[in-house]
Chemist: 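Can you read through this structure? Questions will come right after.
Just so we're on the same page: letters track the sequence lines, and every chain starts at 1. This one's a predicted model, so the numbers in the text were calculated from it and none came from an experiment. When reading the values below, keep in mind they use all heavy atoms of this one structure, side chains included, and skip hydrogens, waters and symmetry mates.
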Amino acid sequence: MKDLLSYAIRRFGWMLLTVWAVYTVSFVLMRAVPGNPFSSERTVPPAIERQLRARYNLDAPPIEQYTDYLVGIVTRGDLGVSIRLEDYTVNEVLAEGFPVSASLAILALVFALTLGVTAGVVSAVYRGSIGDVALMATAVLGIAIPNFVLASLAILLFVFLIPIFPAAGWGTLRQVALPALCLGAPVAAYVARLTRAGMLEVLGREHVRTAFAKGLPKSTVILKHVLPGALLPVVSYLGPATASVLTGSLVLEKIFALPGIGSHFIYAATQRDYTLAMGMVLTYTVLLFVMNSLVDLSYAVIDPRVKLQ
Amino acid sequence: MPPELRRLFAILAVVVMGIAVVWATRFDSMPPADFSIQNGTDPKTLDPHRATGQPESRILFGIFSGLLQMLPDGDPDPETGLQPMSAQPAVAKSYEVSDDKLTYTFHLRDDAVWSDGVPITSADFVWSWTRMLHPATACEYNFQLFSVPFAEQFSSGIVNVGDRCEVELFDRPNPDGTTEADTGELNIQNFPRGTMLYGTLREIRKPSEPEFDDSVSEEDREDAMVKWQEKWVYVLDIANVSDDGEVDWDGPTTTQTFTAHANSPIAEPDTRRIHNVLVAFSKLGGVETPDDRTLVVNLKDPLPYFPSLTAYYPLFPVPRHTIEKHGMPMWTKAENIVSNGAYVVGLRRLRDRVRLVKNPRWFAADEVAIETIDALSTEGQNTALNMYETGQIDWVTDPPTALMETLKKRDDFYAAPMLSVYFFRMNTTRKPLDDPRVRRALAMAIDRQQIVDQVAKAGQVPAYALVPPGIAGYEPPPGFKPDIEEAKRLLAEAGFPGGRGMPKVTVLYNTSEGHRAIAEVIQQQLQNNLNVKLELQNMEWGSFLDKTNQLDYDIARAGWIADYADPNTFLDLWLTDGPQNSTGWSNAEFDRLLKAAAAESDMATRMKYLSDAEAIWIEEMPVIPLYFYVGINMVKPRIKGFFPSPQDLHPLHLMSIDDSADPKVATDRQVTPRVVASNPPDLAVPSQRTSVSIKPIAERASAK
């Protein structure tokens, strides 16, 4: 228990350090690229641009901007006002969009795990059968097809040919089903392959042979003696899976017109919305770091061989 | 790790997952509105003085009303189906113009109120226009009021000795009841203002001007100059102000000194700290309020299109009581905003929608047929079309370009000429484009018909001039003709016979499939017709704008949508050193003609001046006009009252719903097999481009 706590503290320290590094690099990069938040096809007169710069503290020396903004984040958790969406603060943008993206990610991950593990177990148990081949072929396809292509096919199929889902939008379970499926499908495919490989490895172990020899029913052996061991690689894949679901949602949010934070990420970058872009980068950094730490942690809990360093 | 703990952990994980799923599937669902519009993206802001683009304007025209409003006038054009519009009474029930076209007297309606019941008075307009022009508001459309005396000077913050000025003391009220003077902290809210004093500027005392050696960068130099200007001390003869706000300019005065800097080195002990000294725009007779219901505007130039400017959102009134209470930008929150249009904002959700609800207090609320409207932020062209086909959207404003040919044949597809032009800027400060003959040669050798038919495809009109057709009273000069032989001759005359010796010319465009396709066609045409080689270079939006503004390009694409229905909106782009010029082109006669036109009160003579100016422009050809845009919309047959208009304006309060007109929708709003059968793959497959690249709003704002 003690090493768990010290691990958590150490990871937290690393996270702060990472976030600070990301903050610094993003800050420098954003100001190094040409253009500024106020450029538009209609040239803004210099006098007006000066007023705007003053409003967003962009007229201060860079070092001062750097520290002012950092202090604001650390002391007040205040990511500033969005420069392009001027009616909103960055915190408000996150508060509105994050639950949507989170819902989508959770549903996609749960769907991916349920489907992937089931498919993996089935194809390992019936190894070599037509079912196994079919499932694994589907899985390869699933990994290979990018999710926006999948989304287009899904829309064609389930919106136009068999109209059971609405084309886009947010607010009902039916509306979220299609994007969650498309987002989760590639992950599910990967999970299925991992589960199958893990299952096959464990199935060949001696303790499993012993269990069968004891005369335990097949389902008991699979669920109690094979699956826990076989799932270890799946658990370690959850970190990257979260990352893929979070970044994948950028594209799907646009195709399905979902009000998540993903599209703000692209917008903020292309429009030089310094504050919003920073808010997005930091949010994603923290999110990915926390998810990865949780995965590492649970990995150590499940697998007695792993020691937390 | 003991096994019990491990089991506990497994159970915990499952429980957490369960909770997460339950949380993720809880939605506060909302019934759809009666009428849904694809608004393209989120409005940047709902503050009429800060907004610029089309997504903003669609909503602002719905929720605010100006003195006048653009309404249909006369019969639609039989050829194009275009419905002419003109400025007609809104908050003003009538207006008069003096014979010299300089004085407008607006009579406000007695029943004009804000959506919270507060009456709208003529003083609201003076306050709103002052706020719009105030330098710290940074309204990009401030120039629309520059025909009012002192407006430009006020807005640019320039004061000269002898000017009648206003001084804002450093005591703006804070929301908590204190003032800046109490706390010493700067309050960036420019309204409500601090104590205002009025007087004549006698002297500006300046500390010694900072000196720079050559190593100092442009930026640091500018920065130092601004800091230096802050330390200036202004000496004014402050006049008395009567109780009703009248300034007694010629009466007794007291001399006082002011400075914007907290501790200016040349300040005297009694020098008072201020925000700024500006020309006293609101007290110098440009706009007058004889009573609560009358607004008099005295222009300095006889602007024939001034009435239509008052029907455009930068000149709309904004609710002073709400802005002063909540400040900027908090007053635009759905729960705070008060407006005076046919609709009010019911709800605002980022990346999702702005819900508009009928405003029962609007002066013509009886005529408003639709109760609720959703302006959806749907961005994807294919997404919007999918939603349209399945009945989730009733009005698509940006149909997929790839499907234009198929969509064009449908009855619910509207394409009508718009006052806007797509063109290539040329850098006239660089060889070889500094030679008008080369510029003309390039312009003449391009086959615009091919571009319009094969690339743009929605029925755009080839452009051989700058000003789009369809402006009443304007007789355009004869444009140029595409003529390859003449182009070859001009090029030879300029010293590049058969394209030999012509330096490499690069075409710069912002990254987009559409712009690339057009640039490629032109590259091909110029190669074939003139043996001139173009290089193409694409750049991401921000960098592209930077390059264009800094004149660091050879040829760069651009587009412009009319700000008002007058040739001037296209012509004044090219004034010498104009902010939008960005070509380095300058022509004294052109400048003179535009100036003469601005001062001319006779409509016909004015138009003649403008037409002459355009003729010079065509002769000199600082840019290559390519085509005039069309406004493209798709609207469900069940929506009545939609018609194409020259500025792509579609008043929401004129629309109504007739479900019987659209039996398909009335019986089943889910499926429309017709289109799917005709073109299924294209319809549903969002191209990779539309799914990963997002068009900047600003681009959409001024040019699609």
Side-chain angles (χ1 to χ4, degrees), chain A residues 33-36 39-45 47-48 50-52 55 59 81 84-88 93 96-97 102-103 106-107 110 148 151-152 155-156 159-161 163 166-173 251 253-260 263-264 266-267 270-272 298 300-302 304, chain B residues 1 6 9 13 17 20-21 24-25 27 29-30 42 44-46 50 52 135-136 138 140 156-157 188 226 329 332-333 349-352 376 378-380 383 386-387 390 392 540-543 545-546 549 558 579-580 582 670-671 676 680 684-686 688 691-692 694 696 698-699 701-703:
Chain A
V33 288
N36 69 60
S39 33
S40 75
E41 186 130 28
R42 176 191 301 282
T43 317
V44 184
I48 288 184
R50 215 165 33 241
Q51 291 286 349
L52 289 170
R55 187 182 298 167
D59 54 346
V81 258
R84 280 289 186 160
L85 292 165
E86 19 181 283
D87 294 356
Y88 287 84
V93 173
E96 275 200 22
S103 290
I106 288 170
L107 292 177
V110 169
F148 56 87
S152 310
I155 289 176
L156 193 59
V159 176
F160 286 100
L161 290 181
W170 182 258
T172 63
L173 199 55
V251 179
E253 276 172 21
K254 183 153 186 225
I255 298 180
F256 289 101
L258 304 177
S263 42
H264 291 301
I266 308 170
Y267 245 122
T270 55
Q271 308 212 329
R272 310 283 188 272
S298 52
V301 176
I302 306 171
Chain B
M1 195 77 38
R6 211 172 300 150
F9 183 82
M17 208 159 95
V21 170
T25 49
F27 299 99
S29 51
M30 188 174 30
D42 288 317
K44 191 176 94 167
T45 170
L46 294 184
R50 293 286 315 136
T52 45
E140 287 182 37
S156 53
I188 59 159
V226 170
T332 58
K333 295 278 170 209
R349 225 158 52 182
L350 268 182
R351 313 295 317 135
D352 188 33
L376 301 177
T378 316
E379 242 166 41
T383 309
N386 289 341
M387 292 173 83
T390 53
Q392 283 177 281
E540 170 278 336
W541 184 240
S543 324
L545 289 173
D546 249 25
N549 291 339
Q580 320 298 340
S582 299
Q670 289 293 322
V671 213
V676 174
V685 180
Q688 189 175 356
S691 44
V692 296
I694 292 176
E699 185 200 5
S702 47

Chemist: Okay, side chain of R55(A), backbone of A136(B): is any donor-acceptor separation there less than 3.5 Å?
Modeler: yes
Chemist: Drop me the distance from D546(B)'s CG to N36(A)'s CG, to the nearest 0.5 angstrom.
Modeler: 6.5 Å
Chemist: Is it the side chain or the backbone of V93(A) that comes within 4.5 Å of chain B heavy atoms, both, or neither?
Modeler: both
Chemist: For K44(B) and R84(A), work out which heavy atoms get closest and say how close.
Modeler: CG-O, 2.6 Å
Chemist: Could you tell me if the side chain of F27(B) sits less than 4.5 Å from the side chain of T172(A), heavy atoms only?
Modeler: no
Chemist: Looking only at heavy atoms and a cut-off of under 4.5 Å, which of P579(B), S582(B), A24(B) has the most pairs with chain A?
Modeler: A24(B)
Chemist: Could you check if a side-chain atom of V159(A) sits within less than 4.5 angstrom of a side-chain atom of N386(B), using non-hydrogen atoms only?
Modeler: no
Chemist: Tell me whether Q392(B) contacts the main-chain N or O of G169(A) through its side chain, where contact means a donor paired with an acceptor under 3.5 Å.
Modeler: no
Chemist: Please state whether the side chain, the backbone, both or neither of L173(A) comes within less than 4.5 Å of a heavy atom of chain B.
Modeler: both
Chemist: Where does D352(B) contact chain A at under 4.5 Å (heavy atoms): side chain, backbone, both or neither?
Modeler: both
Chemist: Quick one: pull up CG in D42(B) and NE2 in H264(A) and give me the separation to the nearest 0.5 Å.
Modeler: 6.5 Å
Chemist: Using 0.5 Å steps for rounding, measure from the CD atom of E379(B) to the OG atom of S263(A).
Modeler: 6.5 Å
Chemist: So how far is it from D87(A) CG to T45(B) OG1, rounded to the nearest 0.5 Å?
Modeler: 3.5 Å
Chemist: Heavy-atom distances under 4.5 Å only: say whether E540(B) touches chain A with side chain, backbone, both or neither.
Modeler: side chain
Chemist: With a 4.5 angstrom heavy-atom cut-off, which part of L46(B) approaches chain A: side chain, backbone, both or neither?
Modeler: both
Chemist: Supply the atom-to-atom distance T378(B) OG1 to I255(A) CD1, rounded to the nearest 0.5 angstrom.
Modeler: 13.5 Å
Chemist: Distance check, rounded to the nearest 0.5 Å: Y88(A) atom OH versus L350(B) atom CG?
Modeler: 4.0 Å
Chemist: Out of S156(B), S543(B), G157(B), A13(B), return the one with the most heavy atom pairs under 4.5 angstrom to chain A.
Modeler: S543(B)
Chemist: Can you tell if the side chain of L85(A) reaches within under 4.5 Å of the side chain of R351(B), non-hydrogen atoms only?
Modeler: no
Chemist: Which atoms of E86(A) come close to chain B, meaning under 4.5 Å heavy atom to heavy atom: side chain ones, backbone ones, both, or neither?
Modeler: both
Chemist: So which part of M387(B) gets closer than 4.5 Å to some heavy atom of chain A, the side chain, the backbone, both or neither?
Modeler: both
